[in-house]
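Heads up: the structure comes next, in structure tokens.
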Amino acid sequence: MQTALNVYNSKSRQVEKFEPLNPPFVGLYVCGPTVYSEVHIGNVRTFSSFDLIYRYLLHLGYKVRYVRNITDVGHLLDDTSEDRISKKARLENIEPMEVVQRYTVDFHRTMEKFNALPPSIEPTATGHLIEQIELVQTILDKGLAYESNGSVYFDVEAYSKNENYGELSGRNVDELMANTRSLDGQSDKRHPADFALWKKAEPQHIMKWDSPWGKGFPGWHLECSVMSTKYLGRSFDIHGGGMDLKFPHHECEIAQNKAGFDEEPVKYWLHTNMLTFNGRKMAKSEGTGITPRELMEGDHPLLSQAYSPMTIRFFMLQAHYRSTLDFSNEALQAAEKGLKRLMTSIQDLSKLPTSDVSTVQIEDLSEKLYAAMNDDFNSPIAIAHLFEAVKWVNLIKDGKETITPNDRDSLATLMHAFVFDVMGLTDETSGDDTEKIDGLMEFVLQLRQEAKDNKNYGLSDTIRDRLKELGFEIKDGKEGTTYTMH
RNA sequence: GGUCUCGUGGCCGAGUGGCUAGGCAGAGCUCUGCAAAAGCUUGUACAGCGGUUCGAAUCCGCUCGAGACCUCCA
């Protein structure tokens, strides 16, 4: 490796050299979805970003344990005391676990389409209630939480005597504490800044469990503290999630961990940025965000066509994970064409003519690619360099540059590693029958060549047109005719 | 109102105190039976106004504009 990996740590707000706590092992925890509705494309971006990060860490040779939770309880709605999953279950008159199952499966299917690697462990909140209750008790025992009317709240004021609540999100505790905005009515909390560790369940509440404080359910932040600790240890390398989770979710997690386990839980905090659509924010509330399904089916008033998962993934990779990214029909079309060019070039690699000398510098390219990815996973720069390689391939094809057999192999290895392994792109045009189709096409193209040689252009054009209708595009080049599949 | 991020050429989107991002679209040329593809060349870009500097799109300040979060029993 020419350069070392550097990552931007949201907590220090600086780029830092990445040094795992226990190399070659890396612990990576990412906040997963709350499974109460179809994922929207913003969620997909977050998980695709972490997929890139996961893949690159693997590519560098790290032994990564990637934990991504499924939130299936405890995430309350804005304006009511109702759990998101409970509400959905009540509305559709089904079991909460049916809601969870339906949208978990949907989530998995969707991420699979986007070629995201599954995490090493995918724990659920409901599967870790005992551990959560234990942590609540521990924090209570330390005097950093209090019971109130069947619920347990984290005591931010007490915690702040020795710790800095707000260190992650840059918030000032005094200001938070001073915020005495009226809580429209009764609150069991001593202080507005306090947050729930355990919530008392009302009699009609469907999802509830026994606890030392009566029937209830865990607070939303608790599961991540518990599950990250259980599977990655009290202190681990990377914790990630969407920007919107920074506060309060991640801030609360840190506080819970420090209160319960007396250790700094996370070395590097990574946050991915949001998605906008036509310059306007993608509404997270139900129904207003655009879903992967709508994109893949082109089923949206603002889309002129369907876009394949790889086009969408490639489009996302062309922006840095910490920048907001604007979705638009036009931008997606551009990505589709760019991706096609990239894939065509990779198909051409193996057929490239070789010679005694190389006029292209594979080593240079390799260094640039690693440098880009080592700079906080800068995929857009890496892609820009990949297009340099595309240009080379085309020039070599035209005989304007040359390459040795060894260099050709190196280039192929490099391109495959970055495009397929690291970026996680797949060639959607090639299937298992590629070889058979290759032979078939060779034969058909030979017949067409004979027609051309006999100046029977009517026939040769008919062949070309028909093939195009079938999804095979013909290109007459100097060195003969080639084709691409769509 | 508070905290933070951002404002780059037709669109998307990188980046750095002085040197080409890249993709797509547009124009011209080469190749070609035609087409497609590919290659080459090309465009007024860095919100506005000041300041620092030999030099700033890149640093500082202000203005305008956009976005995220602000514990509301998340």
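- Residues passing the ring pair (Phe, Tyr, Trp, His ring centres under 6.0 Å) test with F47(A), sequence neighbours excluded: F107(A).
- Atom name P, nucleotides rG26(B) and rA37(B): the rounded distance is 10 Å, in whole Å.
- The side chain of F247(A) sits closest to rC70(B) out of rG39(B), rC12(B), rC70(B).
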Heteroatom pairs (N/O) under 3.5 angstrom, protein to nucleotides 58-60 of chain B:
none

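- Among the protein residues, K200(A) comes within range of no part of the nucleic acid, since none of its heavy atoms lies under 4.0 Å from any strand.
- For F387(A), the ring pair (Phe, Tyr, Trp, His ring centres under 6.0 Å) criterion is met by no residue, not counting sequence neighbours.
- Taking 4.0 angstrom as the limit, T324(A) places none of its side-chain polar atoms (N or O) nearer than this to OP1 or OP2 of rA68(B).
- Side chains of D453(A) and Q449(A): a donor on one and an acceptor on the other come within 3.5 Å.
- Rounded to whole Å, the separation between the P atoms of rG28(B) and rU52(B) comes to 48 Å.
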Bracket notation of RNA chain B in which parentheses pair within the strand, [ ] cross earlier pairs, and | pairs with another strand (Watson-Crick or G-U, under 3.5 Å): (((((((..(((.....[...))).(((((.......)))))....(((((..]....))))))))))))....
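- For the 3.5 Å distance criterion, the side chains of T71(A) and E223(A) qualify, holding a donor opposite an acceptor.
- Set against rC12(B), rC4(B), rG39(B), the side chain of D326(A) has rC12(B) as its closest nucleotide.
- Within 4.0 Å (heavy atoms only), H249(A) reaches no atom of the nucleic acid at all.
- Within the 4.5 Å cutoff, no side-chain heavy atoms of K200(A) are placed close to those of W213(A).
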ring-ring contact (aromatic ring centres under 6.0 Å, His included) between Y159(A) and F154(A), worked out: CA-CA 8 Å; Y159(A) 173 80; F154(A) 190 90; 5.3 Å; yes
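- Inspection of the D72(A) and Y36(A) side chains reveals no N or O donor paired with an N or O acceptor under 3.5 Å.
- Side-chain contact check for H250(A) and H221(A): no donor-acceptor pair (N or O, by modelled atom type) lies under 3.5 Å.
- Minimum heavy-atom separation, S379(A) to A319(A): OG-O, 3.8 Å.
- Proximity note for D244(A) (side chain, C-beta onward) versus rA74(B), rC69(B), rC12(B): the nearest is rC69(B).
- The salt bridge (charged side-chain N to carboxylate O under 4.0 Å, His left out) pairs that include a residue from residues 381-390 of chain A are K368(A)-E388(A), where partners are two or more places apart or lie in different chains.
- Each of S460(A) and N378(A) lies near RNA chain B, and the nucleotide nearest N378(A) is the one positioned closer to the 5' end.
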Reading 5' to 3' through nucleotides 21-28 of chain B, protein heavy-atom contacts under 4.0 Å coded B for base, S for sugar-phosphate only, - for none: BSBSS---
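- The residue K246(A) sits apart from the nucleic acid: no heavy atom pair falls under 4.0 Å.
- For Y165(A), counting side-chain heavy atoms from C-beta on, the closest listed nucleotide (rA74(B), rC12(B), rU71(B)) is rU71(B).
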ring-ring contact (aromatic ring centres under 6.0 Å, His included) evaluation trace for Y307(A) with F314(A): CA-CA 11 Å; Y307(A) 296 97; F314(A) 180 70; over 10 Å; no
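- Ranked by how close their nearest RNA chain B nucleotide is to the 5' end, N394(A) and R448(A) are led by R448(A).
- For D461(A) against rG33(B), a side-chain N or O and a base N or O form a donor-acceptor pair under 3.5 Å.
- Protein atom CG of L303(A) is 19 Å distant from nucleotide atom P of rC11(B), rounded to whole Å.
- Rounding to the nearest 0.5 Å gives a distance of 8.0 Å between CD of Q305(A) and OG1 of T311(A).
- Comparing rG39(B), rA68(B), rC11(B) by their closest approach to the side chain of M274(A) singles out rA68(B).
- When each of rG15(B), rC12(B), rU71(B) is scored by its nearest atom to the side-chain atoms of F315(A), the top-ranked nucleotide is rC12(B).
- Distances were taken from every side-chain heavy atom of D398(A) (C-beta onward) to each of rC11(B), rA38(B), rA14(B); the shortest belongs to rA38(B).
- Between the CG atom of L395(A) and the C1' atom of rC40(B) there is a distance of 9 Å, given to the nearest Å.
- The P atoms of rG39(B) and rG23(B) are separated by 9 Å, rounded to the nearest whole Å.
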